[in-house]
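Chain identifiers are assigned alphabetically (A, B, ...) following the order of the sequence lines, protein sequences preceding nucleic acid strands; residue numbering begins at 1 within each chain. What's counted below: heavy atoms across the whole structure, side chains too, no hydrogens, waters or symmetry copies. If you're wondering where the values come from, they're calculated on a predicted model, not measured in any experiment.
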There are 2 protein chains.
Amino acid sequence: MAQKAQVVSSETFKPPNFRWMQLRLLTYVDVTGRTRKWEMAERSHANKTEGSAVDGVFVVATIHYPVSRLPPELLLIKQFRPPMNKDVIEFVAGLVDKGETPEVAALRELKEETGFVKGSIRGVTSPMPMDPGMSNSQVAMVLVDIDGDDAENRKPIASPEDGEHITVFRVPFSSLEKNLHELEGLGCAVDIAVWAFVYGSMFSAAGQTSPTRFAAKRVGLSAWLTFLGLGLAGVFLLKRRPSLL
Amino acid sequence: MAQKAQVVSSETFKPPNFRWMQLRLLTYVDVTGRTRKWEMAERSHANKTEGSAVDGVFVVATIHYPVSRLPPELLLIKQFRPPMNKDVIEFVAGLVDKGETPEVAALRELKEETGFVKGSIRGVTSPMPMDPGMSNSQVAMVLVDIDGDDAENRKPIASPEDGEHITVFRVPFSSLEKNLHELEGLGCAVDIAVWAFVYGSMFSAAGQTSPTRFAAKRVGLSAWLTFLGLGLAGVFLLKRRPSLL
């Protein structure tokens with residue numbers, strides 16, 4: 001009979017020279033009542049607020065130019081991420097300090113990482129798990145509007161923390177997909193939250209895909225799959241229906 | 001002088017009774033040439049393909065009904081995630097088995113977790129890091145179209161692995177945000193990739209927000225922030241401008 005699954009106990013493993021991360025071996029009861037084990041990782045840094053819903057915030061910042069009428073842009077950053085051993089394109093982000101609200105953390109990180117001092121908060125999402133099969137890490141997205149024509153936002157000067165080396169990108173919405181693929185071509189990785197947001201933006205709210213944006217991709221990948229997956233059959237297929245190319 | 005940052009060495013910590021996860025203490029050189037340390041977690045399961053670009057796949061599956069003309073739906077699943085100690089709403093997902101392509105893994109997981117046996121692959125994304133400050137975990141998204149009117153897709157029967165207890169949701173695009181908030185209200189968490197995709201879908205490809213979708217949220221959050229952040233001042237404000245309520 002189905003019951004509510006839940007964690008009943010856990011053991012923590014933290015190497016003596018670790019400060020930020022630890023492993024836990026969970027014992028949980030599944031919906032059938034059976035006891036099982038699960039391995040996870042978690043952040044363990046000292047200034048994490050006890051019981052806080054989120055570890056950090058993602059700042060989804062859009063820059064609008066009401067006066068100069070430049071096209072709207074998405075604000076992204078690039079930084080070297082040791083776990084990936086490469087540069088990663090991400091939303092402005094950061095851990096929430098003890099006692100901070102996500103909104104305050106977002107505006108603080110925005111200022112530190114990009115130099116934009118004036119942003120208006122449009123909304124805050126619920127806490128969202130980032131990799132729920134592996135960790136309890138979760139963030140809130142804070143949606144921020146930046147007036148790029150405002151005098152205080154004209155020449156933003158970042159003030160990163162020691163050890164942070166950040167490159168700021170302002171990418172026009174109209175060329176997001178193209179620019180992200182170019183950055184991948186240069187050896188960067190693009191964070192899943194950024195790609196999911198961009199792919200989502202290619203769907204209209206009504207759930208129809210935007211045919212012009214996906215069309216090129218669809219044909220390219222179909223052809224690729226046909227070649228790889230069907231082998232000779234694919235060659236025959238293409239011979240008989242050259243219009244597929 | 002700026003140089004390319006890179007990891008130069010690492011130490012691995014794996015508790016004796018752990019099979020799936022381990023910690024690593026990285027030593028890396030940053031762009032200024034300074035040597036630094038970074039703590040990370042990683043998956044270490046035996047069947048992970050050596051040097052494989054991705055740990056797993058997310059299946060972004062949309063169901064269309066060309067004959068019955070029902071509104072298009074997004075396919076989502078719910079399962080208990082021990083690291084979060086709650087049910088999490090996610091895309092269909094799974095680890096890539098040794099030697100599998102992301103496409104094959106996606107269709108296998110789609111069949112196992114939801115019972116849909118026929119899907120056409122529209123595209124595959126680049127590998128995307130999931131939490132690059134904490135781990136090297138990364139996935140590819142596989143975009144799949146499902147014909148919900150196809151005879152083989154009419155009554156899908158899932159065949160989950162032992163220990164997998166999955167609930168399948170088909171959510172019309174038009175009510176995604178509402179339904180996800182309802183599920184959160186019932187105690188579920190919604191994975192960041194799902195939320196980022198849904199929030200992205202509220203932006204048009206041109207980068208303009210859809211005013212009708214965000215408007216309600218904006219007012220609600222402004223009121224909330226006023227209450228929390230401004231305290232008594234907020235009470236005065238609301239007294240003077242009851243129309244805000």
Side-chain angles (χ1 to χ4, degrees), chain A residues 5-7 13 15 18 20-21 23 26 28 30-31 36 38-41 72 80-85 88 103 122-126 128-137 163 165 173-174 184 189-193 195-203 205-207 210 213 217-218 221 225, chain B residues 5-7 13 15 18 20-21 23 26 28 30-31 36 38-41 72 80-85 88 103 121-126 128-137 163 165 173-174 184 189-193 195-203 205-207 210 213 217-218 221:
Chain A
Q6 61 183 316
V7 173
F13 300 88
F18 271 57
W20 299 90
M21 299 273 297
L23 294 175
L26 306 176
Y28 72 102
D30 74 14
V31 291
R36 295 176 177 274
W38 196 277
E39 301 168 16
M40 67 171 285
F80 178 72
R81 289 297 205 169
M84 296 295 301
N85 198 19
V88 181
E103 293 83 351
R122 185 216 295 279
V124 182
T125 68
S126 321
M128 304 174 293
M130 298 177 73
D131 193 355
M134 178 167 168
S135 81
N136 58 3
S137 184
H165 303 282
F173 274 85
S174 53
E184 287 181 335
V190 177
D191 186 74
I192 190 169
W195 261 140
F197 186 86
V198 172
Y199 282 119
S201 75
M202 296 173 194
F203 279 71
S210 162
R213 304 295 292 277
K217 198 170 190 67
R218 193 181 313 172
L221 278 153
L225 284 171
Chain B
Q6 60 183 319
V7 173
F13 299 87
F18 271 57
W20 300 90
M21 299 274 297
L23 294 175
L26 305 176
Y28 72 102
D30 74 13
V31 290
R36 295 174 178 276
W38 195 277
E39 301 168 16
M40 68 172 283
F80 178 72
R81 289 297 205 169
M84 296 296 298
N85 198 20
V88 181
E103 294 84 349
I121 290 176
R122 186 217 295 279
V124 182
T125 68
S126 322
M128 303 174 293
M130 297 177 75
D131 193 354
M134 179 167 167
S135 81
N136 58 3
S137 184
H165 303 283
F173 274 85
S174 52
E184 287 181 333
V190 177
D191 186 74
I192 190 169
W195 261 139
F197 185 85
V198 172
Y199 283 118
S201 75
M202 295 175 195
F203 279 71
S210 161
R213 303 295 293 279
K217 197 169 190 67
R218 193 182 311 173
L221 278 153

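A pairwise comparison of heavy atoms in B/Pro129 and A/Asp191 identifies O-OD1, 3.4 Å as the closest pair. Closest approach of A/Pro82 and B/Val7 over heavy atoms only: O-CG2, 3.5 Å. In this structure, B/Met40 and A/Met21 approach most closely via the heavy-atom pair C-CE, 3.9 Å. Contact detail for B/Asn136 and A/Pro83: the closest heavy-atom pair is CB-O, 3.2 Å. Annotation for A/Pro132 and B/Met84: closest pair CB-CG, 3.8 Å, computed over non-hydrogen atoms. A pairwise comparison of heavy atoms in B/Trp20 and A/Glu39 identifies N-OE1, 2.6 Å as the closest pair.
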Applying side chain to side chain contact (heavy atoms under 4.5 Å, CB included), run through A/Phe18 and B/Phe13 and close with a yes or a no. CA-CA 10 Å; A/Phe18 271 57; B/Phe13 299 87; 3.3 Å; yes

Dump the intermediate steps for side chain to side chain contact (heavy atoms under 4.5 Å, CB included) on B/Met128 and A/Val190, then the final yes or no. CA-CA 6 Å; B/Met128 303 174 293; A/Val190 177; 5.8 Å; no

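Most heavy-atom pairs under 4.5 Å with chain B, from the set A/Gln6, A/Met134, A/His165: that is A/Met134.
In this structure, the separation between OG on A/Ser126 and CH2 on B/Trp195 is 6.0 Å, given to the nearest 0.5 Å. A distance of 10.5 Å separates OH in B/Tyr199 from CZ in A/Phe197, rounded to the nearest 0.5 Å. To the nearest 0.5 Å, the span separating OG1 on A/Thr125 from CD1 on B/Ile192 amounts to 7.5 Å.
Proximity to chain B involves both the backbone and the side chain of A/Leu23, based on heavy atoms less than 4.5 angstrom apart.
Between B/Phe80 and A/Tyr28, the ring planes lie tilted relative to each other; the angle falls in the 30° to 60° range.
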